[in-house]
Each structure stands twice: as C-alpha cells, then as structure tokens.
Amino acid sequence: MKKPKWVVEKEQAKKASAAETVWLFGLHAVRDALRNPAREKLRLIVTKNASDKLADDIAVSGMEAEVVDPRKFSAPLDPQSVHQGAALEVKALDWGALEECCMAADGRPPRVVLLDRVTDPHNVGAILRSAEVFGARAVIAPARNSAPETGALAKTASGALERQPYLRIRNLADAMTTLQGMGYLVLGLDGEADETLEDATRDMLDRPIALVLGAEGPGLRHKTKETCDKLVRIDFSGGFGSLNVSNAAAVALYAVRG
C-alpha cells in the first residue's frame, strides 16, 4: 500500500533533520558543548591558543581536536563570526517530548516560555539565557518561522543552550492547548492588553505559568491570542513603554518567579 504524501514528507523531513549539523563557535559555547554528554559531537577545530584554554574540556569530551593555524581557520563559519579560535560541529540536541520537559520538578510551580515567530537568533539566545537563570522548564517555538539552533544563537545563549530545553514543535497553538491540559495558565504578552502581568498573576503564582511572546513589530498572531487564557502587558512607568522581546521575556520571567 502506497504511503500518503504527508507521511512521506514527514519521514523525509525527519531524515533531513537527523542529517543536519550545527557549527558552534566561541570558547564559552564550545566548552559547554564539550562537557555536555547529551550532545553528539562530530568535529573540533581549534587554534593552539584555544586548545590550551580548552584542554580540560577536550579531555572530558574524549575528542581529538584538529589544531590549525589561526590565519587558516578552516571551519565553515561566517567570516564575521567571533570564533575565538574554537569551532565544534555537533548534532542538534533532542530534548524529548513537550509533556516530559514541562512537568513540574524540584517542588516549584513550573514556568515555560513560548515564542511566536521570533526569528532573530540573538534574541532567542538571550531568552534561553534568561529562561535558564530564572528556572524555566523550556523555551518552545514552532519549527517554522523561528530561530534554528545555530552558532550565533549558542554564543548569545552563553552556555544556556546546553542546559535549557529549546523545543521546536509543529504547531504553537497545539502546544499551548497541551500545556493548558497540564494545568498551565497561558498568558500572552501584548502591549495593548488591559490587564497587567502583575494583576493577572497576583493569586496564581502557585500554578504552572506559560508566557507567550511574539516577534517585535507583528506581535502575537490572531490564533495565538485566541488560544491564550489571558492577554497581559508589562506595566511600564512613564510614557516610554517598549522593550525588545528578549528583555520583555526576562522581565516577565522575573515577575512570575514562584
């Protein structure tokens, strides 16, 4: 029996994803990846100087580094990349199922961040860093129209990519509905909302909370807004009320810390 077209396409996409690799660069990002046993590591290119700085981490990883001349750094990176003499080819991390990642742990009510069309890797990297600092369970984004795992994202995340689950799922609204079924209060951040985040969560901090943030400019899509339990805004002082998405995520995570 012939497989339906959508099944074939899904299998092809899965195979293509499995074959994809990512080049991480910069001492911090490479060091954390080398020490992460869950990270599948393929090839390490370093200068002598970087090799000396990463000696303990390379030993822990069990990898054999390719030491190259700084003037002939052969890793396939963007020429503008600040690689500090270290580049590591890896497979993307597999964090498992959304339900598993977003379950409560350590006795604290869980927090999750969802991103709607946030495509800038520097913003996503900064959000991952804030999510890790404030103890979020995961950062979730759609597989399409979101920032993929890249060296630039990893460098901005400053090690958080190896610790903070970054789940790229098929459908954001479906993920929000799944979280609601797990008891999450799903709050969409919208600068035009009537209610503030502080007021909406005043007696709710013992509940699991998911924060949904949209891209700067377009904000949340209509379907995303409809799926939220509430739309809320960050309460600004004065007439200048505007934050970029990564700063808004950090402020919101701080506001709902359990």
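For clarity, every value in this text was computed on a predicted model and none was experimentally measured.
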Just how far is it from atom [atom1] of [X] to atom [atom2] of [Y], taken to the nearest 0.5 Å?
X: Leu185; Y: Arg207; atom1: CG; atom2: CZ; value: 5.0 Å
X: Leu42; Y: Met63; atom1: CG; atom2: CE; value: 7.0 Å
X: Tyr166; Y: Ile127; atom1: OH; atom2: CD1; value: 8.5 Å
X: Asp78; Y: His83; atom1: CG; atom2: NE2; value: 10.5 Å

Residues sharing Val82's hydrophobic cluster, by side-chain heavy-atom contacts under 4.5 Å among ILVMFWY, directly or via others? none

Hydrophobic cluster of Val212, others only, ordered by chain and residue number, side-chain cut-off 4.5 Å: Leu93, Trp95, Leu98, Met103, Val112, Leu114, Ile140, Leu167, Ile169, Leu172, Met176, Leu179, Met182, Tyr184, Val186, Leu220, Leu231

Name the one of Val113, Leu187, Asn123, Asp116 that satisfies side chain to side chain contact (heavy atoms under 4.5 Å, CB included) with Leu213? Val113

Counterpart residues, side-chain contact (heavy atoms from CB on, under 4.5 Å), relative to [X] (two or more places apart):
X: Ala75; value: Trp23, Ile45, Phe73, Leu77, Ala87
X: Ala136; value: Ala131, Gln164, Leu253
X: Lys53; value: Leu27, Asn49
X: Ala173; value: Asn171, Lys223, Thr227

Give a yes or no on whether the backbone of Pro70 and the side-chain of Lys48 come within a donor-acceptor separation of less than 3.5 Å. no

Taking Ile58's backbone N and O only, do any of them form a donor-acceptor pair with Ser61's side chain (distance below 3.5 Å, no angle check)? yes

Contacts table for residues 150-160: side-chain donor-acceptor under 3.5 angstrom, sequence neighbours left out:
from	atom 1	to	atom 2	distance (Å)
Thr150	OG1	Leu153	N	3.2
Thr156	OG1	Ala152	O	2.9
Ser158	OG	His28	ND1	3.4

Going by the rule side chain to side chain donor-acceptor pair (under 3.5 Å), which residues pair with [X] if we only count those two or more places apart in sequence or in a different chain?
X: Arg43; value: Glu66
X: Gln180; value: Asp229
X: Glu226; value: His222
X: Arg111; value: none

Under 6.0 Å from the CZ atom of Arg144, do we count more than 12 heavy atoms belonging to anything else shown? no

Heavy-atom count around Glu198 CD within 6.0 Å, excluding the residue itself: above 12? no

Salt bridge or not for Asp32 and Arg39, using N-O below 4.0 Å? no

Do Asp199 and Thr196 have a side chain donor and acceptor closer than 3.5 Å? yes

Determine, step by step, whether Val30 and Leu44 satisfy the side-chain contact (heavy atoms from CB on, under 4.5 Å) criterion, reporting the C-alpha distance in whole Å, the side-chain angles of both residues, the deciding distance to 0.1 Å, and the verdict. CA-CA 9 Å; Val30 169; Leu44 175 63; 4.0 Å; yes

Residue pairs passing the salt bridge (charged side-chain N to carboxylate O under 4.0 Å, His left out) test where at least one lies in residues 119-141, sequence neighbours excluded: none

